[in-house]
Participant: 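Let me give you the structure first, and then I'll get to my questions.
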Amino acid sequence: MSVLIVIPARYASTRYPGKPLVELTGATGVKKTLIQRSWEAAQDVRGADRVVVATDDARIREACEAFGAEVVMTSETCRNGTERCAEAAETLGGGYEIVVNLQGDAPLTPAWFIEDLVAGLRANDWAELATPVLRCEGEMLASLREDRHHGRVGGTTAVFGAGNRGLYFSKEVIPYTAESYLPHDPTPVFHHVGVYAYRPDTLADYATWPIGPLETLEGLEQLRFLENGRAVLCTEVEARGRQFWELNNPSDVPRIESMMREMGLA
(Lines give C-alpha, C1' and ligand atoms only; values in the text may rest on other atoms or scores of the structure.)
Protein backbone atom coordinates (compact mmCIF):
# COMPACT_ATOMS: atom_id res chain seq x y z
CA MET A 1 0.00 0.00 0.00
CA SER A 2 2.69 2.46 -1.07
CA VAL A 3 2.44 6.18 -1.80
CA LEU A 4 4.68 8.09 -4.20
CA ILE A 5 4.81 11.90 -4.04
CA VAL A 6 5.92 13.62 -7.24
CA ILE A 7 6.70 17.34 -7.29
CA PRO A 8 6.56 18.52 -10.92
CA ALA A 9 8.66 21.60 -11.63
CA ARG A 10 9.46 23.40 -14.87
CA TYR A 11 11.60 26.44 -15.50
CA ALA A 12 9.78 27.82 -18.54
CA SER A 13 6.57 28.92 -16.83
CA THR A 14 4.48 31.19 -19.06
CA ARG A 15 3.41 33.50 -16.25
CA TYR A 16 6.56 33.33 -14.15
CA PRO A 17 9.71 31.97 -15.84
CA GLY A 18 12.19 30.43 -13.41
CA LYS A 19 9.56 30.23 -10.68
CA PRO A 20 10.87 27.03 -8.97
CA LEU A 21 14.18 28.75 -8.21
CA VAL A 22 12.67 31.93 -6.79
CA GLU A 23 13.80 32.42 -3.19
CA LEU A 24 11.33 32.85 -0.35
CA THR A 25 12.40 34.33 2.97
CA GLY A 26 10.98 32.58 6.01
CA ALA A 27 10.14 33.85 9.48
CA THR A 28 13.75 33.52 10.66
CA GLY A 29 15.18 35.34 7.64
CA VAL A 30 16.41 32.16 5.94
CA LYS A 31 16.10 32.15 2.15
CA LYS A 32 15.17 28.92 0.38
CA THR A 33 13.98 28.32 -3.16
CA LEU A 34 10.34 27.62 -3.87
CA ILE A 35 11.14 24.06 -4.98
CA GLN A 36 13.11 23.34 -1.79
CA ARG A 37 10.26 24.59 0.38
CA SER A 38 7.80 22.41 -1.56
CA TRP A 39 10.09 19.39 -1.17
CA GLU A 40 10.43 20.03 2.57
CA ALA A 41 6.62 20.23 2.85
CA ALA A 42 6.43 16.75 1.27
CA GLN A 43 8.85 15.35 3.84
CA ASP A 44 6.32 16.03 6.59
CA VAL A 45 3.63 13.80 5.04
CA ARG A 46 3.04 10.66 7.08
CA GLY A 47 2.73 7.48 5.06
CA ALA A 48 4.65 8.70 2.02
CA ASP A 49 7.12 6.06 0.85
CA ARG A 50 9.06 8.13 -1.68
CA VAL A 51 9.34 11.78 -2.71
CA VAL A 52 10.81 12.85 -6.06
CA VAL A 53 11.07 16.06 -8.05
CA ALA A 54 10.15 15.69 -11.73
CA THR A 55 11.66 18.26 -14.10
CA ASP A 56 13.03 18.71 -17.60
CA ASP A 57 15.51 21.44 -16.63
CA ALA A 58 19.14 20.90 -15.60
CA ARG A 59 19.14 24.06 -13.45
CA ILE A 60 16.28 22.73 -11.35
CA ARG A 61 17.87 19.29 -11.15
CA GLU A 62 21.15 20.75 -9.89
CA ALA A 63 19.41 22.94 -7.32
CA CYS A 64 17.35 20.01 -6.04
CA GLU A 65 20.26 17.60 -5.82
CA ALA A 66 22.18 20.24 -3.84
CA PHE A 67 19.62 20.08 -1.01
CA GLY A 68 19.29 16.29 -1.19
CA ALA A 69 16.20 15.68 -3.28
CA GLU A 70 15.79 12.72 -5.62
CA VAL A 71 15.18 13.96 -9.18
CA VAL A 72 13.52 12.25 -12.13
CA MET A 73 14.20 13.85 -15.51
CA THR A 74 11.17 14.06 -17.77
CA SER A 75 10.65 15.21 -21.34
CA GLU A 76 10.08 18.78 -22.47
CA THR A 77 6.84 17.70 -24.16
CA CYS A 78 4.89 17.41 -20.87
CA ARG A 79 2.13 19.97 -21.10
CA ASN A 80 1.34 20.21 -17.40
CA GLY A 81 2.20 18.81 -14.00
CA THR A 82 -0.12 15.82 -14.27
CA GLU A 83 1.51 14.66 -17.50
CA ARG A 84 4.92 15.13 -15.85
CA CYS A 85 3.79 13.04 -12.87
CA ALA A 86 2.55 10.32 -15.21
CA GLU A 87 5.90 10.18 -17.00
CA ALA A 88 7.84 10.17 -13.74
CA ALA A 89 5.73 7.33 -12.31
CA GLU A 90 6.30 5.30 -15.48
CA THR A 91 10.05 6.01 -15.39
CA LEU A 92 10.20 4.77 -11.80
CA GLY A 93 8.61 1.50 -12.85
CA GLY A 94 5.22 1.79 -11.18
CA GLY A 95 4.24 -0.44 -8.31
CA TYR A 96 2.64 2.33 -6.24
CA GLU A 97 -0.90 2.20 -4.90
CA ILE A 98 -1.35 5.98 -5.06
CA VAL A 99 0.62 8.71 -6.82
CA VAL A 100 0.41 12.21 -5.32
CA ASN A 101 1.03 15.34 -7.34
CA LEU A 102 2.29 18.06 -5.01
CA GLN A 103 2.75 20.99 -7.34
CA GLY A 104 6.01 22.83 -6.91
CA ASP A 105 4.35 26.21 -6.39
CA ALA A 106 2.49 25.27 -3.21
CA PRO A 107 5.05 25.33 -0.36
CA LEU A 108 2.42 26.18 2.26
CA THR A 109 0.53 22.91 1.70
CA PRO A 110 0.03 21.32 5.15
CA ALA A 111 0.93 17.64 5.43
CA TRP A 112 -2.59 16.72 6.58
CA PHE A 113 -4.07 17.93 3.28
CA ILE A 114 -2.19 15.15 1.51
CA GLU A 115 -2.82 12.61 4.25
CA ASP A 116 -6.58 13.34 4.05
CA LEU A 117 -6.46 12.97 0.26
CA VAL A 118 -4.87 9.54 0.45
CA ALA A 119 -7.33 8.45 3.13
CA GLY A 120 -10.26 9.74 1.06
CA LEU A 121 -9.16 7.88 -2.05
CA ARG A 122 -8.75 4.66 -0.08
CA ALA A 123 -12.21 5.05 1.47
CA ASN A 124 -14.08 5.81 -1.79
CA ASP A 125 -13.76 3.08 -4.40
CA TRP A 126 -15.71 5.10 -6.97
CA ALA A 127 -13.14 7.92 -6.99
CA GLU A 128 -10.31 7.81 -9.51
CA LEU A 129 -8.50 10.80 -8.09
CA ALA A 130 -8.88 13.11 -5.12
CA THR A 131 -8.08 16.77 -4.64
CA PRO A 132 -8.50 19.05 -1.60
CA VAL A 133 -10.92 21.94 -1.26
CA LEU A 134 -10.86 24.54 1.48
CA ARG A 135 -13.93 26.54 2.46
CA CYS A 136 -13.16 30.22 2.00
CA GLU A 137 -13.63 32.64 4.83
CA GLY A 138 -14.57 36.19 3.96
CA GLU A 139 -10.97 37.40 3.84
CA MET A 140 -9.91 34.69 1.38
CA LEU A 141 -12.96 35.30 -0.81
CA ALA A 142 -12.13 39.01 -0.87
CA SER A 143 -8.57 38.18 -2.02
CA LEU A 144 -9.89 35.98 -4.82
CA ARG A 145 -12.30 38.67 -5.95
CA GLU A 146 -9.58 41.33 -5.84
CA ASP A 147 -7.29 39.23 -8.04
CA ARG A 148 -9.99 38.75 -10.65
CA HIS A 149 -10.97 42.44 -10.51
CA HIS A 150 -7.37 43.39 -11.37
CA GLY A 151 -7.06 40.74 -14.08
CA ARG A 152 -4.75 38.49 -12.08
CA VAL A 153 -5.08 34.73 -12.04
CA GLY A 154 -5.07 33.93 -8.36
CA GLY A 155 -6.63 30.89 -6.77
CA THR A 156 -8.95 28.34 -8.34
CA THR A 157 -12.41 27.57 -7.01
CA ALA A 158 -14.27 24.25 -7.02
CA VAL A 159 -17.91 23.20 -7.16
CA PHE A 160 -18.96 19.70 -6.13
CA GLY A 161 -22.17 17.77 -5.60
CA ALA A 162 -23.45 14.78 -3.65
CA GLY A 163 -20.73 12.66 -2.10
CA ASN A 164 -18.27 15.49 -2.78
CA ARG A 165 -18.04 14.44 -6.42
CA GLY A 166 -16.37 17.23 -8.40
CA LEU A 167 -18.59 19.10 -10.87
CA TYR A 168 -16.35 21.92 -12.07
CA PHE A 169 -13.20 23.95 -11.35
CA SER A 170 -12.62 27.52 -12.47
CA LYS A 171 -10.26 30.45 -12.22
CA GLU A 172 -13.35 32.57 -11.83
CA VAL A 173 -14.96 32.81 -8.40
CA ILE A 174 -17.76 30.23 -8.39
CA PRO A 175 -20.46 29.70 -7.28
CA TYR A 176 -21.67 33.28 -7.59
CA THR A 177 -22.74 34.96 -4.37
CA ALA A 178 -23.85 38.56 -3.97
CA GLU A 179 -23.43 38.45 -0.20
CA SER A 180 -20.82 40.38 1.77
CA TYR A 181 -18.84 38.51 4.40
CA LEU A 182 -16.78 39.53 7.40
CA PRO A 183 -13.13 38.38 7.37
CA HIS A 184 -13.75 35.18 9.37
CA ASP A 185 -17.25 34.38 8.12
CA PRO A 186 -17.64 31.03 6.32
CA THR A 187 -18.73 31.41 2.69
CA PRO A 188 -20.21 29.01 0.09
CA VAL A 189 -17.06 29.30 -2.04
CA PHE A 190 -14.37 26.62 -1.91
CA HIS A 191 -10.76 27.30 -2.79
CA HIS A 192 -9.24 24.45 -4.76
CA VAL A 193 -5.82 23.43 -3.47
CA GLY A 194 -3.62 22.26 -6.36
CA VAL A 195 -2.70 18.85 -5.00
CA TYR A 196 -3.89 15.53 -6.44
CA ALA A 197 -3.85 11.88 -5.44
CA TYR A 198 -4.35 9.52 -8.39
CA ARG A 199 -4.90 5.86 -8.90
CA PRO A 200 -1.98 4.84 -11.14
CA ASP A 201 -4.13 3.51 -14.00
CA THR A 202 -6.11 6.76 -14.14
CA LEU A 203 -2.92 8.80 -14.14
CA ALA A 204 -1.48 6.71 -16.98
CA ASP A 205 -4.69 7.18 -19.01
CA TYR A 206 -4.58 10.95 -18.60
CA ALA A 207 -1.53 11.45 -20.79
CA THR A 208 -3.24 9.62 -23.67
CA TRP A 209 -6.24 11.96 -23.85
CA PRO A 210 -6.31 15.10 -26.02
CA ILE A 211 -6.71 18.48 -24.37
CA GLY A 212 -10.41 19.36 -24.36
CA PRO A 213 -12.17 22.72 -24.75
CA LEU A 214 -12.72 23.33 -21.04
CA GLU A 215 -9.08 22.67 -20.16
CA THR A 216 -8.08 24.96 -23.02
CA LEU A 217 -10.33 27.79 -21.86
CA GLU A 218 -9.56 27.60 -18.14
CA GLY A 219 -5.97 26.39 -18.31
CA LEU A 220 -6.78 23.87 -15.57
CA GLU A 221 -5.34 20.39 -16.02
CA GLN A 222 -7.86 18.66 -13.74
CA LEU A 223 -10.69 19.49 -16.15
CA ARG A 224 -9.33 16.85 -18.53
CA PHE A 225 -10.48 14.20 -16.05
CA LEU A 226 -14.00 15.65 -15.93
CA GLU A 227 -14.14 16.03 -19.70
CA ASN A 228 -13.35 12.33 -20.00
CA GLY A 229 -15.97 11.27 -17.48
CA ARG A 230 -13.60 10.36 -14.65
CA ALA A 231 -14.76 10.64 -11.05
CA VAL A 232 -13.03 13.30 -8.96
CA LEU A 233 -13.36 13.31 -5.18
CA CYS A 234 -13.21 16.79 -3.66
CA THR A 235 -11.93 16.23 -0.14
CA GLU A 236 -12.79 19.08 2.20
CA VAL A 237 -9.81 19.84 4.41
CA GLU A 238 -9.41 21.98 7.50
CA ALA A 239 -6.97 24.88 7.65
CA ARG A 240 -6.36 24.43 11.42
CA GLY A 241 -5.18 28.01 11.61
CA ARG A 242 -2.79 27.68 8.68
CA GLN A 243 -2.85 30.18 5.84
CA PHE A 244 -2.57 28.86 2.32
CA TRP A 245 -1.66 30.43 -1.02
CA GLU A 246 -0.03 29.24 -4.23
CA LEU A 247 2.72 31.13 -6.00
CA ASN A 248 1.27 31.98 -9.40
CA ASN A 249 2.55 35.51 -10.01
CA PRO A 250 5.51 37.63 -8.84
CA SER A 251 3.07 39.57 -6.66
CA ASP A 252 2.43 36.36 -4.67
CA VAL A 253 6.01 36.30 -3.29
CA PRO A 254 5.52 39.03 -0.65
CA ARG A 255 2.08 37.63 0.16
CA ILE A 256 3.50 34.16 0.87
CA GLU A 257 6.48 35.55 2.78
CA SER A 258 4.08 37.56 4.95
CA MET A 259 2.06 34.41 5.65
CA MET A 260 5.22 32.53 6.58
CA ARG A 261 6.20 35.24 9.04
CA GLU A 262 2.73 35.26 10.61
CA MET A 263 2.77 31.45 10.99
CA GLY A 264 6.38 31.34 12.17
CA LEU A 265 7.52 29.10 9.32
CA ALA A 266 11.29 29.15 8.99
Side-chain angles (χ1 to χ4, degrees), residues 1-10 20 35-56 60-61 64-65 67-75 78 80-134 163-166 192-209 221-222 224-225 228 230-238 240 244:
M1 304 292 281
S2 53
V3 176
L4 167 69
I5 298 180
V6 181
I7 305 174
R10 65 184 181 123
I35 189 62
Q36 181 173 354
R37 292 192 178 278
S38 298
W39 180 80
E40 289 178 352
Q43 302 305 305
D44 293 333
V45 178
R46 293 175 299 176
D49 297 279
R50 192 175 186 180
V51 178
V52 302
V53 175
T55 187
D56 60 3
I60 295 174
R61 180 191 64 200
C64 290
E65 290 177 344
F67 61 74
E70 180 182 0
V71 179
V72 177
M73 296 303 293
T74 53
S75 64
C78 294
N80 57 42
T82 299
E83 289 191 5
R84 201 170 300 282
C85 285
E87 184 176 329
E90 182 181 9
T91 299
L92 293 172
Y96 294 94
E97 174 209 7
I98 292 173
V99 179
V100 173
N101 173 353
L102 173 59
Q103 300 195 73
D105 56 9
L108 300 184
T109 305
W112 63 86
F113 281 20
I114 299 173
E115 293 161 4
D116 289 351
L117 274 194
V118 171
L121 199 55
R122 285 174 171 158
N124 293 274
D125 292 341
W126 58 267
E128 296 174 86
L129 68 147
T131 193
V133 293
L134 186 65
N164 282 32
R165 182 166 181 150
H192 173 241
V193 181
V195 184
Y196 306 91
Y198 317 100
R199 302 198 192 279
D201 290 347
T202 301
L203 178 60
D205 288 344
Y206 180 90
T208 69
W209 301 326
E221 62 201 86
Q222 66 270 33
R224 199 183 310 181
F225 290 105
N228 284 276
R230 298 306 178 98
V232 180
L233 171 66
C234 289
T235 301
E236 185 174 353
V237 293
E238 298 291 337
R240 303 183 194 175
F244 177 84

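Numbers here simply count residues along the sequence, with the first being 1.
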Participant: Would you mind telling me which of Ile7, Ile35, Val71 makes a side chain to side chain contact (heavy atoms under 4.5 Å, CB included) with Thr55?
Facilitator: Val71
Participant: Verify the distance criterion only: is there a donor paired with an acceptor across the side chains of Thr131 and Gln222 at less than 3.5 Å?
Facilitator: no
Participant: Please determine whether the number of non-hydrogen atoms from other residues, nucleotides or ligands lying under 6.0 Å from atom CD of Glu90 exceeds 12.
Facilitator: no
Participant: Using only heavy-atom distances, determine whether the side chains of Arg50 and Tyr96 contain a donor-acceptor pair under 3.5 Å.
Facilitator: yes
Participant: For the residue pair Ala127 and Leu233, what are the closest heavy atoms and their distance?
Facilitator: CB-CB, 3.7 Å
Participant: Looking only at non-hydrogen atoms, find the nearest pair between Ala130 and Leu121 and report the distance.
Facilitator: N-CD1, 4.1 Å
Participant: Test side chain to side chain contact (heavy atoms under 4.5 Å, CB included) on Thr82 and Leu203; report intermediate values, then the result.
Facilitator: CA-CA 8 Å; Thr82 299; Leu203 178 60; 3.7 Å; yes
Participant: Which value, rounded to the nearest 0.5 Å, describes the distance between Thr109 atom OG1 and Asp44 atom CG?
Facilitator: 11.5 Å
Participant: Could you give the distance from CD (Glu128) to CG (Asn228), rounded to the nearest 0.5 Å?
Facilitator: 10.5 Å
Participant: Identify the two heavy atoms, one from Gln103 and one from Ser38, that lie closest to each other, and give their separation to 0.1 Å.
Facilitator: O-OG, 4.2 Å
Participant: What's the verdict on side chain to side chain contact (heavy atoms under 4.5 Å, CB included) for Val45 and Glu115, showing C-alpha distance, side-chain angles and the deciding distance?
Facilitator: CA-CA 7 Å; Val45 178; Glu115 293 161 4; 4.0 Å; yes
Participant: A quick test of your reading: do over 12 heavy atoms of other residues, nucleotides or ligands sit less than 6.0 Å from CD of Gln43?
Facilitator: yes
Participant: Under 30°, 30 to 60°, or over 60°: which ring-plane class applies to Trp209 and Phe225, parallel, tilted or perpendicular?
Facilitator: perpendicular
Participant: Going from CG on Asn80 to CG on Asn101, what distance comes out if it is rounded to the nearest 0.5 angstrom?
Facilitator: 8.5 Å
Participant: With Arg10, which residues qualify under side chain to side chain contact (heavy atoms under 4.5 Å, CB included), at least two apart?
Facilitator: Thr14, Asp56, Arg84
Participant: Testing the basics here: between Pro107 and Ala41, what is the closest heavy-atom pair and its distance to 0.1 Å?
Facilitator: O-CB, 3.8 Å
Participant: Could you walk me through whether Arg230 and Tyr206 pass the side chain to side chain contact (heavy atoms under 4.5 Å, CB included) check?
Facilitator: CA-CA 10 Å; Arg230 298 306 178 98; Tyr206 180 90; over 6 Å; no
Participant: Working to the nearest 0.5 Å, report the span between CD1 of Ile114 and CG of Leu102.
Facilitator: 4.5 Å
Participant: Would you give the length of the straight line joining atom CG of Leu117 to atom SG of Cys234, rounded to the nearest 0.5 angstrom?
Facilitator: 10.0 Å
Participant: Once you round to the nearest 0.5 Å, how far does CG of Leu129 lie from CD1 of Ile98?
Facilitator: 11.0 Å
Participant: Report yes if the side chains of Asn164 and Thr235 come closer than 4.5 Å at any heavy-atom pair, otherwise no.
Facilitator: no
Participant: Nearest heavy-atom pair of Val6 and Ala54: which atoms, and what distance?
Facilitator: CG1-CB, 3.7 Å
Participant: For a quick check under 3.5 Å, do Tyr198 and Asp205 share a side-chain donor-acceptor pair by atom type?
Facilitator: no
Participant: Kindly determine whether Val118 and Glu97 satisfy side chain to side chain contact (heavy atoms under 4.5 Å, CB included), including the steps that lead there.
Facilitator: CA-CA 10 Å; Val118 171; Glu97 174 209 7; 5.7 Å; no
Participant: Any chance the side chains of Thr74 and Glu87 put a donor and an acceptor closer than 3.5 Å?
Facilitator: no
Participant: So which atom in Phe113 and which in Glu238 form the shortest heavy-atom distance, rounded to 0.1 Å?
Facilitator: CE1-O, 3.4 Å
